[in-house]
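The structure under discussion appears below in the form of structure tokens.
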Amino acid sequence: MATIPTVKLNDGHEIPQLGYGVFKVPPADTQRAVGEALEVGYRHIDTAAIYGNEAGVGAAIAASGIPRDELFITTKLWNDRHDGDEPNAAIAESLDKLGIEQVDLYLVHWPTPVHDNYVHAWAKLVELRDQGLTRSIGVSNHLVPHLERIVAATGVVPAVNQIELHPAYQQRPITEWAAANDVRIESWGPLGQGKYDLFGADPVVAAAEAHGKTPAQAVLRWHLEKGFIVFPKSVRRERLEENLDVFDFELTDSEVAAIDAMEKPDGSGRVSAHPDEVN
Ligand code: NAD
């Protein structure tokens, strides 16, 4: 079974750099899919309250028999629960569905600036961490102005920012801010959610062929070599295995540079929603 490297967070905890994300995994299929992911060697699961499948993740964790301290579980606070004590209730519900007493990482899912309450939500996550309900805290889909505001208000720097990131959309202002402020980047949609022909692009095909790997594996390797944390999604066992089989090769500097150059201009490579528009 592959040994998955870990990345050290700014609070001293370690996170497996590769995990399994369960966005759009149907609730009825989640226990099976997560169970298979655990069987083939994944130990880091990324879910969210809004995915509606935390109970399936919890059932798979319980059935696996894997000691809790060998697993890394992330879930997220949904957008309509930023206010008042809603974050306290939300994490209690998530923990109940997951069947665990503490998550490893809890994230503010989107800043939803239209509601302008993400600073309060972040301050509540600091409290939840201090209460031991989550070991680490972070954010998702936060742009640089959002990040600067939550840090200025609380003095607490998120451990991670989970953002859409793949070769066509590299979010350089955010990754540069994160590097300067000791925040790890988690790439969501690391394979571009299958919405454009990433796997047919020349630099990806060339890198894959040079190493006897698939285009998906070459793209995942690009993320890993940039230091990003990834959790590609699939419900097919052979793809779960393929996406984990990325630790026996490295891209050369020129292969990484060629994939870097695939970024589309002016943010046009984005495949999902813009954080300022999600509410
Ligand atoms: P992804 O880039 O991982 O793409 C998933 C799709 O790629 C799958 O549906 C599958 O069709 C295809 N795929 C997977 N492995 C493949 C392979 N080896 N070969 C060919 N095709 C393959 O997109 P995603 O699921 O959106 O992102 C991964 C995870 O990121 C999610 O499951 C979720 O945990 C997280 N996420 C977070 C947010 C957020 O707002 N924080 C948003 C979206 C996703």
Side-chain angles (χ1 to χ4, degrees), residues 2-23 25 34 37-38 40-48 51 57 69-77 103-110 125 129 134-143 147 157-193 198 216-234 239-240 242-247 250-251 256 259-260 271-272 275:
T3 301
I4 301 171
T6 59
V7 168
K8 195 170 207 162
L9 302 174
N10 63 16
D11 59 11
H13 295 300
E14 307 264 345
I15 182 171
Q17 195 179 1
L18 184 94
Y20 176 43
V22 295
F23 178 45
V25 177
V34 175
L38 296 173
V40 304
Y42 292 83
R43 290 294 179 267
H44 165 187
I45 308 294
D46 183 273
T47 185
Y51 301 169
V57 174
D69 63 2
E70 291 177 20
L71 298 171
F72 191 102
I73 309 297
T74 299
T75 195
K76 314 186 189 91
L77 176 72
V103 281
D104 297 284
L105 179 61
Y106 197 49
L107 307 180
V108 177
H109 204 146
W110 294 87
L125 260 62
R129 182 196 60 187
T134 178
R135 210 165 52 143
S136 297
I137 51 174
V139 295
S140 179
N141 300 303
H142 279 47
L143 305 177
L147 294 161
V157 181
V160 307
N161 189 14
Q162 182 179 128
I163 53 174
E164 180 184 337
L165 198 155
H166 43 78
Y169 189 53
Q170 295 180 33
Q171 302 253 41
R172 291 177 207 235
I174 300 179
T175 59
E176 284 163 15
W177 189 94
N181 289 277
D182 200 18
V183 174
R184 303 282 95 78
I185 291 291
E186 296 190 327
S187 305
W188 68 250
L191 303 174
Q193 295 189 326
L198 181 58
Q217 290 170 324
V219 172
L220 292 172
R221 197 65 229 175
W222 175 84
H223 287 277
L224 296 172
E225 276 161 39
K226 308 290 276 186
F228 304 144
I229 298 155
V230 274
F231 21 79
K233 175 242 167 187
S234 177
R239 282 186 172 168
L240 286 170
E242 177 185 335
N243 295 344
L244 195 58
D245 183 19
V246 291
F247 298 109
E250 284 180 20
L251 301 181
V256 170
I259 297 176
D260 284 349
V271 297
S272 194

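Sequence positions, counted from 1, serve as the residue numbers for this chain.
Looking at heavy atoms from C-beta onward, R184 lies out of side-chain contact with I15 at the 4.5 angstrom threshold. Side-chain contact between Y20 and L244 is absent, with no heavy-atom pair separated by less than 4.5 Å. Using a 4.5 Å heavy-atom threshold, the side chains of V108 and K76 count as separate. Using a 4.5 Å heavy-atom threshold, the side chains of H13 and F72 count as separate. Within the 4.5 Å cutoff, the side chain of T175 has no heavy atoms near those of the Q170 side chain. Residues N161 and W177 form no side-chain contact, since every pair of their non-hydrogen atoms from C-beta on lies 4.5 Å or further apart. Side-chain contact between N141 and H109 is present, with at least one heavy-atom pair separated by less than 4.5 Å. Side chains of T3 and F247 form no contact here, defined as non-hydrogen atoms less than 4.5 Å apart.
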Stepwise side chain to side chain contact (heavy atoms under 4.5 Å, CB included) check, L251 with I259: CA-CA 10 Å; L251 301 181; I259 297 176; 4.1 Å; yes

Verdict with reasoning, L38 to L71, per side chain to side chain contact (heavy atoms under 4.5 Å, CB included): CA-CA 9 Å; L38 296 173; L71 298 171; 3.8 Å; yes

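Nearest heavy atoms, I185 versus I174: CD1-CG2, 4.2 Å. Heavy atoms only, all atoms of each residue included: N10 and P158 are closest at ND2-O, 3.1 Å. In plain terms, the two heavy atoms of I4 and Q17 that are nearest each other are CG2-N, 4.0 Å. Here the closest heavy-atom approach between residue L143 and residue P275 is recorded as CD2-CG, 3.9 Å. Here the closest heavy-atom approach between residue P190 and residue H166 is recorded as O-CB, 3.5 Å. In terms of heavy atoms, V256 sits closest to W222 at O-NE1, 3.8 Å.
Of the possible polar contacts, none joining the H223 side chain to the R221 backbone as a donor-acceptor pair under 3.5 Å is found. A donor-acceptor pair under 3.5 Å is absent between the side-chain atoms of E242 and the main chain of Q217, judged by distance alone. Checking side-chain atoms of D104 against main-chain N and O of T74 turns up no donor-acceptor pair under 3.5 Å.
Screening R43, E14, H44 for a side chain to side chain donor-acceptor pair (under 3.5 Å) involving T6 leaves a single residue, E14.
Between the CG atom of L9 and the CG atom of L105 there is a distance of 7.0 Å, given to the nearest 0.5 Å. Taken from CD1 in I45 to OG1 in T75, the straight-line distance is 12.0 Å, to the nearest 0.5 Å. Taking CZ of F228 as the reference point, atom CD of Q171 lies at 9.5 Å (rounded to 0.5 Å). Distance check, rounded to the nearest 0.5 Å: CG of L18 to OH of Y42 gives 5.5 Å. Between Y106 atom OH and R129 atom CZ the span is 15.0 Å, to the nearest 0.5 Å. Between the CG atom in L107 and the OG atom in S136 there is a gap of 10.0 Å [rounded to 0.5 Å].
Relative ring orientation between Y51 and F23 is described as tilted, the plane-to-plane angle lying within the 30° to 60° band.
The pair D46-K233 does not count as a salt bridge, with every side-chain nitrogen at least 4.0 angstrom from each carboxylate oxygen. Comment: D11 does not engage R135 in a salt bridge, judged by the lack of any side-chain N to carboxylate O separation of less than 4.0 angstrom.
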